[in-house]
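Bear in mind that the values here come from a model prediction, so they are computed numbers and not experimental data.
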2 protein chains.
Amino acid sequence: MPNVKNNVAAQETRRKLIEAAGEVFAERGLHAATIKQITDRAGVNTAAINYHFSDKFELYAAVIRHALSLTLERRSAARTMGSHEQQLRAYVAEVIGDLYDSSLPAWRTTLLGHELAQPTAALDAVVDELIRPRARFVQSIVRGIAGSKVPEKQVLRAALSVWAQCFILVYNSELIRRLNPDVLRDSEGLVEHITEFSMAALVAMRKRYQGGRHRR
Amino acid sequence: MPNVKNNVAAQETRRKLIEAAGEVFAERGLHAATIKQITDRAGVNTAAINYHFSDKFELYAAVIRHALSLTLERRSAARTMGSHEQQLRAYVAEVIGDLYDSSLPAWRTTLLGHELAQPTAALDAVVDELIRPRARFVQSIVRGIAGSKVPEKQVLRAALSVWAQCFILVYNSELIRRLNPDVLRDSEGLVEHITEFSMAALVAMRKRYQGGRHRR
DNA sequence: TGAATAATCAAAACAGAATTTGAATAATGC
DNA sequence: GCATTATTCAAATTCTGTTTTGATTATTCA
C-alpha cells in the first residue's frame with residue numbers, strides 16, 4: 001500500500017491502469033474482464049493493480065468515478081438561460097453531445113450503461129452525482145414549459161418522457177446503432193428532433209390544463 | 001448427454017434449472033452467477049447443468065430463449081385495429097403491461113435488460129425476434145399518425161422517441177424506481193400519459209409537414 | 001422380470017484467475 | 001552518498017468455480 005504518491009512515473013502507471021481498465025471493463029463487463037487483460041493492455045505488471053488499488057473491485061470503482069468526473073466536467077455553462085425552448089434544446093444538446101465528444105474516451109458511456117443495467121456498489125455515486133441531478137434538471141425545465149397549472153404527477157411523467165429519449169441514445173447507443181445506424185449519424189438533427197417532439201407534447205399538455213379545470 | 005427425454009421427472013429438473021437460473025442470472029449477471037448458486041436454488045446436483053445443457057453458457061442461452069418466448073407469447077391479439085390513437089395506446093399498453101404481468105416471472109425483463117446492455121451471443125435472437133419487430137411496428141403506427149407527407153427520416157426519429165419511453169420503463173425499471181418509485185405505481189396512468197404525450201407530438205409533426213413544403 | 005438406458009449424485013479433477021511474496025530497482029530526503 | 005521508502009517485477013500461491021468421473025438409482029420396454 002503506497003503511503004505517499006508523489007512519483008510522477010507511479011502516477012502514470014495508475015493512469016494507464018484506469019484507462020486500460022475502462023476499455024476492458026466496457027468491452028467485457030466487470031466479471032468477465034480479467035486482471036491480465038487489463039495489465040497487458042496497460043503494459044504493466046499484474047501486481048500493480050493490487051499495489052495501486054488493493055483489488056479488482058476497487059479498480060473498477062476508481063474507473064467508474066473517473067468516467068463520472070469526465071462526464072460531469074464537460075457540462076456546458078449554458079444553463080437556465082434563454083427561453084424555455086432554448087433551455088430544453090441546450091439540455092438535449094449537452095446530453096447528446098456527450099456521445100459525440102471525441103476528446104473523451106468512448107468507453108465512458110458504455111461502462112456507465114453497464115453499471116446502470118447491472119448495478120454494483122458503485123451505482124450510488126452514478127445516480128447521486130449524474131443521473132438524479134439531470135433528472136431533476138429536466139423536471140425543472142418541463143415545469144417551466146408546462147406552466148404551474150399542470151399537476152406535479154404529470155410533470156414528472158413528462159420529464160421522464162423527455163429524459164428517456166436522451167437516455168436511450170446515450171446509454172443504449174450500441175442497440176440503436178444495431179437497429180438503425182443512420183439515426184445516430186446526424187447529431188444536430190437528433191437534438192432538433194427531440195427538442196421539437198418534446199416541445200410540441202409539452203405545449204399541448206400546458207394547453208390541456210390551461211384555464212382552471214382541465215378537459216376530459 | 002441424454003438421447004431421449006421422455007422422463008417426466010427429468011423434464012422437471014430441466015424446468016427447475018431454467019427457472020432458478022433465470023432468477024440468479026437476473027440477480028447477478030451471467031459471469032457473477034455461479035453454477036452452485038443456481039443448482040442450490042433449483043435443489044439439484046451441479047452435474048445436472050452439464051447433463052441437461054452441456055455447459056453454463058448453453059444454460060444461459062436456454063434461459064434467454066425461455067424469457068423471449070414467454071414475452072412473445074403474451075402479446076395481445078389487438079393489433080392494427082381501430083384508430084391510429086387506439087393502435088398506439090394498444091401498443092403502449094402491451095409493452096408496459098409486460099412489466100405488471102404477475103403471471104410471468106419477474107426476472108424476465110431484468111435479464112433481457114442485462115442482455116441488451118451487455119450483449120452475448122444470445123443477443124441476436126432477442127433483437128431479431130423481439131426488439132426489431134417491435135421497433136418496426138412502432139414505425140408503422142407512427143407513419144399512420146404522421147401521414148405520408150412526413151419524410152421517412154423524421155418518422156424513424158419519432159418512432160424512436162415513442163419506443164424509448166416504453167423501453168426505459170420496461171428494461172430500466174429498477175433505475176426508474178430508484179429515482180421515483182411513485183411513477184411506476186400507476187400503470188394505466190403511464191399508458192395514458194405516453195399515448196397522449198406522443199400523440200400530441202406526432203400530430204404537431206403531421207401539421208408541420210402538411211400542405212407541400214414545410215415551414216421554417 | 002430383467003436387461004438396457006436415462007438420470008442423479010458426491011466427490012475429484014481441472015482450469016482460470018486473483019492475490020501474495022520476496023527480490024530487484026528506482027526515487028526521495030537527509 | 002546513503003539510508004529509507006516507493007514502485008515494479010516474475011514467479012508462486014491461493015482461491016473460486018466449472019467440468020468430469022464413476023458409482024448408484026430410477027425408468028423404460030421387450
Side-chain angles (χ1 to χ4, degrees), chain A residues 1-64 111 114 118 120-122, chain B residues 1-64 111 114 118 120-122:
Chain A
M1 193 75 67
N3 295 321
V4 180
K5 304 239 191 71
N6 41 10
N7 181 339
V8 61
Q11 286 303 93
E12 179 62 11
T13 299
R14 206 187 140 89
R15 199 199 56 73
K16 280 192 293 189
L17 271 174
I18 287 188
E19 185 67 21
E23 295 173 13
V24 178
F25 283 141
E27 283 167 20
R28 316 266 204 174
L30 167 57
H31 294 281
T34 72
I35 295 279
K36 188 163 173 356
Q37 287 163 350
I38 293 168
T39 51
D40 279 359
R41 192 169 304 196
V44 305
N45 189 273
T46 50
I49 284 180
N50 273 276
Y51 182 74
H52 285 281
F53 301 95
S54 83
D55 66 18
K56 186 185 176 184
F57 188 79
E58 285 299 315
L59 169 61
Y60 179 79
V63 172
I64 290 280
L111 188 69
H114 291 182
Q118 297 197 46
T120 70
Chain B
M1 194 75 65
N3 297 321
V4 181
K5 303 239 191 70
N6 42 8
N7 180 338
V8 63
Q11 287 303 94
E12 178 63 9
T13 299
R14 204 188 142 88
R15 200 199 55 74
K16 279 192 292 188
L17 271 175
I18 286 187
E19 185 68 22
E23 294 172 14
V24 177
F25 283 141
E27 284 167 19
R28 317 265 213 183
L30 167 57
H31 294 283
T34 72
I35 295 278
K36 188 163 179 345
Q37 287 163 351
I38 293 168
T39 50
D40 280 359
R41 192 169 303 195
V44 306
N45 189 273
T46 52
I49 285 181
N50 272 278
Y51 183 74
H52 286 281
F53 301 94
S54 82
D55 66 18
K56 187 184 175 184
F57 188 80
E58 284 300 315
L59 169 61
Y60 178 79
V63 172
I64 290 280
L111 189 69
H114 290 182
Q118 296 198 46
T120 70

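Here the closest heavy-atom approach between residue A:Ala48 and residue A:Thr13 is recorded as CB-CG2, 4.4 Å. Looking at every heavy atom in both residues, B:Leu59 comes nearest to B:Leu17 through CD1-O, 4.4 Å. Taking both residues in full, the closest heavy atoms of B:Ala32 and B:Gln37 are given as O-OE1, 4.0 Å, listed atom of the first, atom of the second, then distance. Shown here for B:Ala21 and B:Val63, the closest heavy-atom pair between the two residues is CB-CG2, 3.7 Å.
Spacing between atom OH of A:Tyr60 and atom C1' of C:dA18 amounts to 18 Å, rounded to whole angstrom units. Separating the CD atom of B:Gln11 from the P atom of C:dA7 is a distance of 8 Å, rounded to the nearest angstrom. Taking atom CD1 of A:Ile35 as the reference point, atom P of D:dA10 lies 16 Å away to the nearest angstrom. With rounding to whole Å, B:Leu17 atom CG is found 12 Å from C:dT8 atom C1'. Distance A:Leu59 CG to C:dA17 P: 16 Å, rounded to the nearest Å. A:Lys36 places its NZ atom 13 Å from the P atom of D:dC9, with the value rounded to the nearest Å. Counting to the nearest Å, the C1' atom of D:dT16 and the CG atom of B:Asp40 are 15 Å from each other. Straight-line distance from the CD atom of B:Glu12 to the C1' atom of D:dA26: 16 Å, rounded to whole Å.
For C:dA18, the base has no donor-acceptor partner in the side chain of A:Asp55 [N/O atoms by modelled type, under 3.5 angstrom].
Checked against D:dT19, C:dA18, D:dC9, the side chain of A:Thr34 finds its nearest nucleotide in C:dA18. Each of C:dA7, C:dA18, C:dT19 was ranked by its minimum atom distance to the side chain of B:Tyr51; first place goes to C:dA7. When distances run from any side-chain atom of B:Asn45 to the nucleotides C:dC9, D:dA10, D:dT19, the shortest one goes to C:dC9.
Comparing B:Ala48 and A:His31 against DNA chain C, the residue whose closest nucleotide sits nearer the 5' end is B:Ala48.
Within 6.0 Å of CZ on A:Arg28 lie no more than 12 heavy atoms contributed by other residues, nucleotides or ligands.
Ion pair A:Lys16/A:Glu19 not flagged as a salt bridge, since none of the NZ, NE, NH1 or NH2 atoms sits closer than 4.0 Å to an Asp/Glu carboxylate oxygen.
Listed for the A:Lys56 side chain is no donor-acceptor partner under 3.5 Å among the backbone atoms of A:Ile49.
Listed by residue number, the members of residues 19-30 of chain B with any heavy atom below 4.0 angstrom from DNA chain D form an empty set.
Contact check, B:His52 against C:dT8: a side-chain N or O comes under 4.0 Å of OP1 or OP2. Distances shorter than 4.0 Å separate none of the side-chain N or O atoms of B:Thr13 from OP1 or OP2 on C:dA7. Taking 4.0 angstrom as the limit, A:Lys56 places a side-chain polar atom (N or O) nearer than this to OP1 or OP2 of C:dA18. The phosphate of D:dC9 (OP1 or OP2) has no side-chain N or O of A:Thr46 nearer than 4.0 angstrom.
Residues A:Phe53 and A:Ile18 form a side-chain contact, since some pair of their non-hydrogen atoms from C-beta on lies under 4.5 Å apart.
Note on A:Ala33: only backbone sugar-phosphate atoms sit closer than 4.0 angstrom, heavy atoms only; bases stay farther off. Within the 4.0 angstrom heavy-atom criterion, base atoms lie near B:Ala47.
Base-pair partner of D:dA30: C:dT1 (Watson-Crick or G-U wobble, both distances under 3.5 Å).
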